[in-house]
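Data block below; observations after.
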Amino acid sequence: MSNKQAFIQKIALFAIADMKNTFIPASLIIAQAALESAWGTSGLTKKGNNLFGIKGKGPAGSCTMQTTEYVKGKPIKVDAAFRAYNNWGESIADHTKLILGGVSWNKNLYKKVIGVDGKTAAREIQKAGYATDPKYAAKLIAIMDEYNLYQFDVVKGAPGVDNVSEKVNVIVDGKKIKEGMLIDNVTYVPLRAVSEALGAKIGWDNKTKTATITTK
């Protein structure tokens, strides 16, 4: 097994578990981790266990690294503070939290990444401004294609049976609000989408892993 294949297998365990709970395509998580961390070999990953290039302060503080940013389509080198983690699991969990909860000025920034196929998610995460590289989505999709990361978007059920996640339409009061996922004859829909369609507010406590819905 090559180093890249070993990396994929290690990340896939986390990515599939995340997908089952959040509907973020496993193929996207794996491709982003591979691209952002140079398959786990980048200085940022080695120094701070940061797989996704998320900036700021993490559970283990932060580390300053030189990075490439794109200004008007042109690459420039800048120093930036990136989040540091105690392990890869923390890095992946933080990435999931970012996709689900967005940023302080836009909680729904990445909502179109959720509940879609890997290629669509790659394009939507670029549109949302996750990275400044104009070829970001194309690079992610190239990794997905080369290593068939779409295989990890298949949920494993009973031994020897593959239960493919199928997209379904979700309608509230006659209006389509979101595409959900049909797995084992059960429809899963992002909680935020349904709550907002019903005029409710949703909150998330990362410490207790608790979602709250307020209807009044």
Side-chain angles (χ1 to χ4, degrees), residues 3-5 7-8 10-12 14-16 18-19 22-56 58 62-85 88 90-153 179 190:
N3 290 337
K4 289 183 178 180
Q5 290 291 352
F7 177 88
I8 289 172
K10 182 176 180 179
I11 297 297
F14 296 98
I16 293 171
D18 266 4
M19 182 183 67
T22 67
F23 315 109
I24 301 170
S27 55
L28 175 72
I29 297 173
I30 300 168
Q32 278 195 282
L35 179 61
E36 297 282 354
S37 73
W39 299 92
T41 67
S42 72
L44 178 60
T45 300
K46 291 182 176 179
K47 185 177 180 180
N49 286 310
N50 189 326
L51 291 165
F52 299 96
I54 299 177
K55 297 175 182 176
S62 62
C63 50
T64 300
M65 303 288 292
Q66 191 174 76
T67 183
T68 300
E69 298 289 354
Y70 288 80
V71 179
K72 295 182 179 180
K74 295 183 178 181
I76 60 172
K77 294 289 185 180
V78 297
D79 288 333
F82 291 87
R83 297 182 186 182
Y85 305 95
W88 285 12
E90 285 186 349
S91 180
I92 294 169
D94 203 25
H95 172 267
T96 298
K97 179 183 176 183
L98 175 63
I99 300 301
L100 292 178
V103 293
S104 59
W105 61 89
N106 186 352
K107 298 298 183 182
N108 296 315
L109 183 61
Y110 301 113
K111 66 183 300 182
K112 291 185 178 180
V113 173
I114 303 169
V116 296
D117 61 89
K119 287 185 178 181
T120 299
R123 297 186 183 104
E124 291 297 340
I125 204 166
Q126 177 173 333
K127 289 180 184 178
Y130 184 94
T132 57
D133 184 350
K135 296 182 180 179
Y136 190 69
K139 291 177 180 179
L140 292 178
I141 292 171
I143 294 173
M144 293 178 189
D145 288 344
E146 182 175 357
Y147 295 94
N148 186 26
L149 299 186
Y150 312 109
Q151 66 182 296
F152 299 107
D153 292 337
E179 286 185 337

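Please read all numbers here as calculations on a predicted model, not as lab measurements.
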Original post:
From Ile30 CD1 over to Leu35 CG, what is the distance, rounded to the nearest 0.5 angstrom?
Top reply: 13.5 Å
**OP:** Check Ala121 against Pro25 and note the closest heavy-atom contact, atom names and distance.
**Re:** CB-CG, 3.9 Å
Original post:
For Asp117 and Tyr150, what are the C-alpha separation, side-chain angles and deciding distance, and is it a side-chain contact (heavy atoms from CB on, under 4.5 Å)?
Top reply: CA-CA 8 Å; Asp117 61 89; Tyr150 312 109; over 6 Å; no
**OP:** Please report the shortest heavy-atom distance between Trp88 and Ile11, naming the atom on each side.
**Re:** CE3-CD1, 3.7 Å
**OP:** Could you pull out the closest heavy-atom pair between Asn49 and Tyr85, with the gap in Å?
**Re:** ND2-O, 3.1 Å
Subject >> Heavy-atom donor-acceptor pair, Glu124 side chain to Tyr110 backbone, under 3.5 Å >> reply: no
Subject >> Close side-chain approach of Phe152 and Ile8, heavy atoms under 4.5 Å >> reply: yes
Original post:
If you look at every heavy atom in Ala26 and Asp153, which pair is closest and at what distance?
Top reply: N-OD1, 3.0 Å
Subject >> Verdict with supporting geometry, Leu51 and Phe7, side-chain contact (heavy atoms from CB on, under 4.5 Å) >> reply: CA-CA 11 Å; Leu51 291 165; Phe7 177 88; 4.2 Å; yes
**OP:** Might you work through the side-chain contact (heavy atoms from CB on, under 4.5 Å) test for Val116 and Phe23, ending with a clear yes or no?
**Re:** CA-CA 8 Å; Val116 296; Phe23 315 109; over 6 Å; no
What donor-acceptor contacts under 3.5 angstrom involve side-chain atoms of residues 135-143, with partners at least two apart or in another chain?
from, atom 1, to, atom 2, distance (Å)
Tyr136, OH, Gln32, NE2, 2.8
Tyr136, OH, Glu36, OE2, 2.8
Lys139, NZ, Asp133, OD2, 2.6

Subject >> Main-chain N/O of Lys111 paired to Asn108 side chain as donor or acceptor, under 3.5 Å >> reply: no
**OP:** Provide the closest heavy-atom pair for Thr45 versus Asn50 in the form atom of the first, atom of the second, distance.
**Re:** OG1-O, 2.9 Å
Subject >> With Asp18, the side-chain contact (heavy atoms from CB on, under 4.5 Å) member among Ile29, Ile24, Ile99 >> reply: Ile29
Subject >> Closest non-hydrogen atom pair between Lys55 and Arg83, with its separation >> reply: O-NE, 2.9 Å
**OP:** Could you tell me the separation between the CD1 atom of Ile54 and the CZ atom of Phe52, rounded to the nearest 0.5 Å?
**Re:** 7.0 Å
Original post:
Is there a donor-acceptor pair closer than 3.5 Å between any side-chain N or O of Ser27 and the backbone N or O of Leu149?
Top reply: no
**OP:** First locate atom CZ of Phe14, then atom OG of Ser91, and finally report the distance between them rounded to the nearest 0.5 Å.
**Re:** 10.0 Å
Original post:
For the atom pair CD1 (Ile114) and CE (Met19), what is the distance rounded to the nearest 0.5 Å?
Top reply: 14.0 Å
